[in-house]
Structure formats: C-alpha cells, structure tokens
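The structure under discussion appears below in the form of structure tokens.
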Amino acid sequence: MIPVNQPLFSGREKEYLDQCIDQGWVSSDGPFVTRFEEEFSAYLGLKYGVAVCNGTAALEVAVAAAGIGPGDEVIMPTFTIISCALAVVRMGARPVLVDSEPETWNMDVSQVESRITGRTKAIMPVHIYGHPVDMDPVMALAEKHNLTVIEDAAEVHGALYKGKKAGSFGQVSCFSFYANKIVTSGEGGMVVTSDGAIAARARGYRNLCFKPERRFYHTELGHNFRMTNLQAAVAVAQLERIDNHIQIKRRNAAAYGQGLADIDVIKLPAEKEWARNVYWMYGIELKDEAGMDNDDLAARLQERGVGTRPFFLGMHEQPVFHRMGLFQGERYPVAERLARKGLYLPSGLALTQGQIEAVCRALHDIFARQ
Ligand SMILES: *Cc1c(COP(=O)(O)O)cnc(C)c1O
C-alpha cells in the first residue's frame with residue numbers, strides 16, 4: 001500500500017528530542033518553543049510567533065486575538081477545512097462564504113466584495129494545497145473597507161506570491177505543523193504576526209489568559225493551547241530542512257505532472273505565473289469525460305494499493321452548520337464540483353520515485369480500461 005502521507009525526518013529531530021529528555025524540558029516551558037517561534041516568524045519576515053498545539057487552535061487564537069466577536073462577519077472560502085469556520089463560529093461570529101475559482105481551487109477573490117456588509121470585520125484567505133491565493137486584490141479590498149486579513153497558511157509553508165511568502169500578507173497568519181504538513185511537529189500550530197497587540201492577546205488566549213503581571217488572576221477566558229518543547233524540538237529540526245522539503249514537493253509534483261500528462265480526463269494542479277506552488281498535496285480533478293466521481297476513483301486506486309483523500313466538502317454542505325441555521329440554500333458550484341471530482345494522490349515527503357511511478361501506472365490502468 002502506498003500511503004497518502006509519510007513524513008520525512010532526515011535532519012536533527014532525534015538529536016533535539018534527546019536534548020529535551022536529557023535536560024528535562026518537556027512542557028511548553030522549554031527553549032525550543034521560543035526558538036521555533038523566533039525562527040519560524042523570521043522565516044516569514046514577521047516579528048512574532050505564538051506556537052500552539054495545532055493549526056485549528058492557531059485559527060481560534062488568531063480570530064480571538066483579531067478581536068472578532070458576536071455579530072461580526074468573516075469572509076472565507078467555502079472550500080476549506082472546518083477549522084476556519086469553527087474558529088469564527090466559536091467567537092459568536094458568522095462565516096460568510098465565497099466559491100473557489102476553478103483553476104487553482106483557491107477562493108475566487110472576485111466574489112469577495114459583493115459579500116462585504118456593515119458587519120464584515122475580516123477576510124480569511126485559505127491557501128489551498130500549496131498554491132497561494134491571489135493576495136493583491138484581497139489586500140486592496142481589506143484596505144478599502146478597513147478589514148483585518150487572517151491568512152490560513154497551513155498548507156503553504158514556503159509558497160510564494162509575487163516573490164513574497166504566503167502567510168506574510170495579512171495582519172495575522174496561521175500555520176499547522178500536523179504530520180502531513182511541510183514542516184511537522186506531529187501536532188502543532190503557530191499564529192504569526194508583526195502586530196504586537198495581536199501577538200500579546202494571542203499569547204494570553206494560548207495560556208488561559210494568565211496576566212503576565214499577575215498570575216492566577218483573570219479578566220478573560222482563554223485556553224490551554226500550548227505547544228510542548230518536545231514538539232518544538234522536532235519542528236526546529238524540520239524548519240532547518242524546509243528548503244529541501246519544498247524541493248522534494250516540487251520534484252514529486254513534476255514527476256506526477258510528467259507521468260499523468262497524457263491522461264486527458266484528469267485536470268492537474270496549476271501554478272500561476274505569479275506563484276511558487278509548494279504542492280503540499282498533489283490534487284487531481286476528474287473531468288466530466290472521466291465518467292466517474294472521486295469516490296469511485298478512490299476505490300479503484302485502493303484496489304491497486306494507492307491511498308488517496310477526497311477534496312474538502314464545502315462548509316455550505318455541512319450538516320452541522322445547516323443545523324445552526326447557517327448557509328441554508330446557498331450554492332457554490334465550483335466547490336460542489338471539487339468535492340465530488342477531486343482527490344489527492346500520495347504526496348508525503350518520504351514518497352519515492354518508484355511509488356510515484358506506481359501511482360501513475362495505476363491511473364493509466366484505470367483510464368485505459370474506460
Ligand atoms: C491542516 C489544516 C488546518 C488545521 O490544522 P490542524 O493542525 O490539523 O488542526 C487548518 N487549515 C488548513 C487549510 C489545513 O490544511
């Protein structure tokens with residue numbers, strides 16, 4: 001079986017973990033946490049990093065730290081992970097959705113302005129599967145309407161938009177370091193910003209809203225969303241290898257691109273001229289001529305020993321939100337199509353060229369028999 005993800009630990013991960021154990025620093029009070037915050041924010045060219053226990057927590061902390069509250073609206077793509085919408089809902093605010101554009105699968109930024117109301121407080125662009133969102137129009141709208149931009153950059157460590165790193169555009173950005181991300185700490189996340197007030201609030205929410213000057217005295221409710229020194233040790237070692245990880249992702253995407261170019265019933269990932277795609281996951285979309293949906297293709301690939309994951313199901317199709325009275329009757333045709341026609345192929349950093357060739361053979365086999 002070729003798994004959809006296999007992480008790669010080719011750096012100093014074990015050495016740094018040994019240091020944690022030897023020195024007894026295993027909780028969030030440890031030197032690797034600060035070091036990871038400093039090194040990762042510096043990588044993005046931003047001032048502050050606030051490490052947390054996962055990417056979902058990073059989104060919750062960022063939304064809270066940006067001051068989003070009851071009655072506010074946050075514009076985001078429907079085609080994303082539930083973490084984005086739940087961070088907004090948990091603050092008593094309302095996610096307002098836009099569809100994807102069909103080429104990069106990212107939010108269709110041309111639809112954002114029509115969704116802005118007097119209650120809109122923020123735009124949350126989510127960079128999908130390694131390809132950055134078209135940020136210039138997003139930033140221009142945010143400026144025009146005085147909105148905060150909260151980037152979800154969990155899938156784009158090191159991706160570039162017009163030469164600048166994804167996750168360095170908004171007032172605040174969120175990253176995940178889950179096991180399938182380009183930099184992993186097993187589980188982990190970070191809120192990154194150059195805004196000192198946002199960073200300070202984020203540190204508070206991460207750690208039970210203890211007051212720096214008076215511990216065990218609370219004026220607000222926070223969470224325990226801390227990252228441990230053990231996780232940060234792995235993350236620091238991974239960050240040292242990030243250029244190599246991106247190179248592997250791009251090399252593997254090129255190999256898939258070559259191997260699959262002649263299957264004309266599937267659409268391959270795009271890379272706009274203004275982007276460096278880091279191909280976090282190598283997604284493919286079935287064209288109508290393929291005559292099948294992604295669940296059918298996934299089953300056929302599974303029979304041939306190839307693991308896959310379906311694309312996101314849009315937020316407007318989630319029963320949990322319908323029960324809350326959200327998104328009733330809303331339709332987003334591109335996202336609906338992606339949810340039924342898209343899946344991603346094995347894309348882990350430890351994937352071998354032989355495995356990529358085997359996946360391409362399986363796809364040729366399936367589509368030759370059509
Ligand atoms: C992975 C991911 C998250 C959530 O990260 P976790 O660490 O799994 O909580 C959030 N947003 C996007 C776009 C992701 O891909």
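The structure displayed is predicted, hence computed values, not measured ones. In listed order, ligands and their atoms are each counted from 1.
Residues Phe36 and Phe40 bring their aromatic ring centres within 6.0 Å. Between His157 and Phe177, the distance separating the two ring centers is shorter than 6.0 angstrom. With ring centers used as reference points, Tyr129 lies under 6.0 Å from Phe312. Checked against a 6.0 Å centroid threshold, the rings of Phe210 and His218 count as neighbours.
Remark: Tyr217 pairs with no residue by the ring pair (Phe, Tyr, Trp, His ring centres under 6.0 Å) rule, at least two apart or across chains.
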Where does ligand 1 get N/O contacts under 3.5 Å from the protein, atom by atom?
unit_1, atom_1, unit_2, atom_2, d
ligand 1, 5 (O), Ser176, OG, 3.2
ligand 1, 7 (O), Gly55, N, 2.7
ligand 1, 7 (O), Ser176, OG, 2.7
ligand 1, 9 (O), Gly55, N, 3.3
ligand 1, 9 (O), Thr56, N, 2.8
ligand 1, 9 (O), Thr56, OG1, 2.6
ligand 1, 11 (N), Asp152, OD1, 3.4
ligand 1, 11 (N), Asp152, OD2, 2.6
ligand 1, 15 (O), Glu155, OE2, 2.5
ligand 1, 15 (O), Lys181, NZ, 2.9

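Ring orientation note: the planes of Trp274 and Tyr161 are nearly perpendicular, at an angle over 60° on the 30°/60° scale.
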